[in-house]
Protein chains: 2
Amino acid sequence: MTNRHVTIKDIAREAGVSPALVSFVMSNRVAGEQLYRVNPETSKRILEVAEHLHYKPNNSARALRSGKTGTIGVVVSDIANPFFAEIARYLEDDAYHYDYNVIFGSSDENPEKFRRVVNVLLNKGVDGLILVPCAGADETLREIVASGINTVLIDRKVPGLEVSSVVLDNRSAARVIVEKLLSRGARRIDMVSYSMDISSTRDREQGYRDAMEAAGLSDNIHIERVAHNDYACIPDYFREARSRGVEAFMMATNTLSSLVLSEIIRNGFRVPEDYQVARFDRNSVYDFNGHGIIYVRQPVDLFAGKAMKLLMAEIRRKPKQEIPVEEIVLSPEILE
Amino acid sequence: MTNRHVTIKDIAREAGVSPALVSFVMSNRVAGEQLYRVNPETSKRILEVAEHLHYKPNNSARALRSGKTGTIGVVVSDIANPFFAEIARYLEDDAYHYDYNVIFGSSDENPEKFRRVVNVLLNKGVDGLILVPCAGADETLREIVASGINTVLIDRKVPGLEVSSVVLDNRSAARVIVEKLLSRGARRIDMVSYSMDISSTRDREQGYRDAMEAAGLSDNIHIERVAHNDYACIPDYFREARSRGVEAFMMATNTLSSLVLSEIIRNGFRVPEDYQVARFDRNSVYDFNGHGIIYVRQPVDLFAGKAMKLLMAEIRRKPKQEIPVEEIVLSPEILE
DNA sequence: AAAAATAGTTAAATCGTTTTAATATCCCAA
DNA sequence: TTGGGATATTAAAACGATTTAACTATTTTT
């Protein structure tokens with residue numbers, strides 16, 4: 001209340017130096033290739049005065065002059081979805097260690113909203129973007145990349161886009177868990193996936209096909225594609241699957257498998273006695289339903305860590321340096 | 001890539017007016033009590049030029065000059081916790097409608113980290129704060145309030161602090177669900193709570209006591225207080241509770257009840273046949289474990305909505321207007 | 001001893017807006 | 001015709017930092 005904003009000028013006056021020198025000390029910066037040379041004693045005095053006056057740099061002024069906001073924008077499908085919430089949490093912590101902040105946005109898997117949210121973040125003036133691209137956002141993504149904004153994709157990649165990404169080896173992961181189901185004797189294995197066109201689920205489908213074909217079960221391949229947020233069809237699907245004599249389900253995501261599991265149990269069946277189940281992502285539900293569920297654990301911490309590291313490398317590169325495009329593929333862990 | 005930043009000056013030149021006028025039009029502002037009067041035709045022309053040049057206002061400059069960043073800071077316990085993730089999601093959407101952005105931080109229920117995160121947000125220059133105060137953060141909170149930063153507390157309130165808050169009527173909610181357990185015949189009802197000192201769990205404990213005492217069961221009152229993140233003690237506790245002949249559990253939170261439920265089921269018991277359970281917050285686990293669980297549904301959307309509304313009212317009040325302190329208590333919904 | 005390099009510091013421009021106070025124009029009443 | 005009020009517009013001063021180029025000293029090299 002009492003204290004008007006303390007500025008660099010106040011410190012300069014108090015310490016008997018110029019504002020410029022204070023600036024140099026506060027953000028120990030490089031000019032050209034050289035480090036600014038400040039007398040250690042002067043530097044110490046300035047820091048003491050700053051401390052004493054409770055100086056807090058004004059980020060807006062900094063950002064205005066330097067063009068860097070120290071903020072990065074993150075767009076996920078839905079921050080309330082546990083998978084993305086966890087990633088968000090790691091990103092938040094990682095950013096902190098780089099002296100950065102994070103602003104989040106949720107796309108709801110809607111390309112129009114995706115564009116809008118990205119624009120809001122860009123208007124805010126983020127130094128970079130970490131995006132979970134949603135289906136149909138290719139146009140927006142191309143514009144972003146073309147405009148030279150530092151960007152890293154996460155969880156899903158977009159073919160033909162010159163941009164770094166961090167994804168899971170979804171195809172192998174899916175293959176392995178389906179093989180596990182096969183080794184347990186299941187033959188009629190359905191996969192439940194999303195109808196939206198994103199690389200992660202498409203790759204998982206391919207892994208499922210790989211495993212089924214390798215086992216000579218091409219005829220048993222059945223991929224049920226559910227529209228995002230249209231979950232009313234699950235009961236019908238389950239009834240139909242039962243009539244086909246399905247023995248096991250492989251679920252592409254968290255949400256889907258909760259829905260199908262719920263349907264299985266509502267109908268009075270048990271896992272794994274009546275139906276085998278394999279799925280992506282852990283869930284507290286396992287704690288209550290025996291030990292029969294095979295699942296893929298995604299290294300959420302690495303998703304965040306690698307993405308942040310790539311982004312920071314892009315942000316910190318010298319203006320004329322080439323943009324390093326790197327595609328990181330993370331290995332899953334298969335657990336029960 | 002091609003386009004250097006388009007500024008207000010570019011528009012002014014193109015439209016043949018002064019930068020000031022462009023500014024007035026872009027943010028249709030009030031001067032003193034009066035609205036700036038701009039000729040509708042001029043206004044239209046300026047907007048057209050702006051549109052045509054793809055003008056994007058520079059937020060840093062705006063913020064520097066006006067002192068408003070259009071960003072609000074939110075600190076929760078852990079953004080990865082479903083309850084807070086959902087609140088975060090609503091806050092994000094609500095903020096958008098006020099033309100604001102949100103930056104999140106997680107305190108991990110650690111007062112030191114709470115202070116640090118709040119300071120990071122303040123350094124960033126947020127226009128206001130929405131906080132879930134953690135135990136032991138009273139000092140930090142008092143400083144915040146004393147410094148006149150617009151603040152609203154959510155989920156938990158801090159007695160003796162002159163600040164608006166939005167909380168659940170935790171006491172009644174707890175009383176009602178315990179009464180439900182009682183009406184189902186349970187007499188030996190334990191409550192599982194946190195040892196940390198926050199208003200929400202304390203109020204819930206009081207509600208539990210109210211119900212037990214009203215039923216003449218004062219002697220059966222047992223509140224098990226678990227330290228945050230020290231969940232290894234749950235199995236011991238459960239064994240001890242069994243030996244006491246406990247028939248029902250009332251759990252103070254999401255996380256706690258998942259843990260206890262898991263322990264119940266791991267030991268081969270069933271809900272509600274062997275143990276009755278009542279708890280706060282819904283969870284997908286219910287979908288898989290019968291219909292016996294009584295739970296309190298918190299109106300998460302209202303938490304966010306009311307808090308944002310209060311905060312906006314504070315932010316938009318005239319400098320000399322009094323700070324309106326309002327305590328909103330939300331009604332829970334009791335479900336099975 | 002002169003020239004060159006180095007170290008330490010600063011003046012002043014600049015970033016893109018907002019905002020205050022002033023001005024210019026027109027209209028109508030006195 | 002003069003003056004007062006609207007109405008519409010603008011010049012110019014902020015806002016608080018960063019950053020370039022310049023300017024002293026001082027030291028080193030030739």
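The sequence lines fix the lettering, A, B, ..., with proteins before strands; numbering per chain opens at 1.
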In whole angstrom, what separates [X]'s [atom1] from [N]'s [atom2]?
X: A/Lys68; N: D/dT19; atom1: NZ; atom2: C1'; answer: 15 Å
X: B/Ile46; N: D/dT10; atom1: CD1; atom2: P; answer: 8 Å
X: B/Phe24; N: D/dA8; atom1: CZ; atom2: P; answer: 14 Å
X: A/Met26; N: D/dA17; atom1: CE; atom2: P; answer: 9 Å
X: B/Leu64; N: C/dT18; atom1: CG; atom2: P; answer: 11 Å
X: A/Tyr55; N: D/dA17; atom1: OH; atom2: C1'; answer: 7 Å
X: A/Arg45; N: C/dG8; atom1: CZ; atom2: P; answer: 13 Å
X: B/Ile8; N: D/dT9; atom1: CD1; atom2: P; answer: 15 Å

Qualifying residues under salt bridge (charged side-chain N to carboxylate O under 4.0 Å, His left out), relative to [X], sequence neighbours excluded:
X: B/Arg156; value: B/Glu109
X: B/Glu162; value: none
X: B/Glu143; value: B/Arg115

Of the nucleotides [options], which has the atom closest to the [X] side chain?
X: B/Thr7; options: D/dT18, D/dG16, C/dG16; answer: C/dG16
X: B/Asn58; options: C/dT10, C/dG16, C/dT19; answer: C/dG16
X: A/Asn39; options: C/dT19, D/dT19, C/dT9; answer: C/dT9
X: B/Ser66; options: D/dA17, C/dT9, C/dT19; answer: C/dT19

(request) Go through residues 12-22 of chain A and report each residue with a non-hydrogen atom lying under 4.0 Å from DNA chain C, sorted by number. (result) A/Val17, A/Ser18, A/Ala20, A/Leu21

(request) State whether a side-chain donor-acceptor pair under 3.5 Å links B/Arg317 with B/Asn150. (result) yes

(message) Within the 4.0 Å heavy-atom criterion, would you say B/Thr42 contacts the bases, only the backbone, or no part of the nucleic acid?
(response) sugar-phosphate

(request) Report the residue from A/Ile149, A/Val163, A/Leu161 that forms a side-chain contact (heavy atoms from CB on, under 4.5 Å) with A/Ile144. (result) A/Ile149

Ignoring backbone atoms, test whether [X] places a side-chain nitrogen or oxygen under 4.0 Å from the OP1 or OP2 oxygen of [N].
X: A/His5; N: D/dC15; answer: no
X: B/Ser27; N: C/dT18; answer: yes
X: B/Ser23; N: C/dT17; answer: no

(message) Is the terminal nitrogen or CZ of B/Arg116 (NZ for Lys, CZ for Arg) located under 6.0 angstrom from the six-membered ring centre of A/Tyr96 and within 45° of that ring's axis?
(response) yes

(message) Rounding to 10°, can you tell me the angle the first-five-pair axis of the helix from C/dA1-D/dT30 to C/dA30-D/dT1 makes with its last-five-pair axis?
(response) 60°

(request) Using a strict 4.0 Å threshold on nitrogen-to-oxygen distance, state whether A/Glu41 and A/Arg45 make a salt bridge. (result) no

(message) Regarding B/Lys44 and B/Glu48, does a basic nitrogen lie under 4.0 Å from an acidic carboxylate oxygen?
(response) yes

Donor-acceptor contacts under 3.5 Å from residues 125-137 of chain B side chains, at least two apart:
unit_1	atom_1	unit_2	atom_2	d
B/Asp127	OD1	B/Thr69	N	2.8
B/Asp127	OD1	B/Thr69	OG1	3.1
B/Asp127	OD2	B/Thr69	N	3.2
B/Asp127	OD2	B/Gly70	N	2.8

(request) Check whether the side chain of A/Arg65 and the base of D/dT18 form a donor-acceptor pair under 3.5 Å. (result) yes

(message) Please check this pair: side chain of A/Asp93 against backbone of A/Tyr90, looking for a donor-acceptor N/O pair closer than 3.5 Å.
(response) no

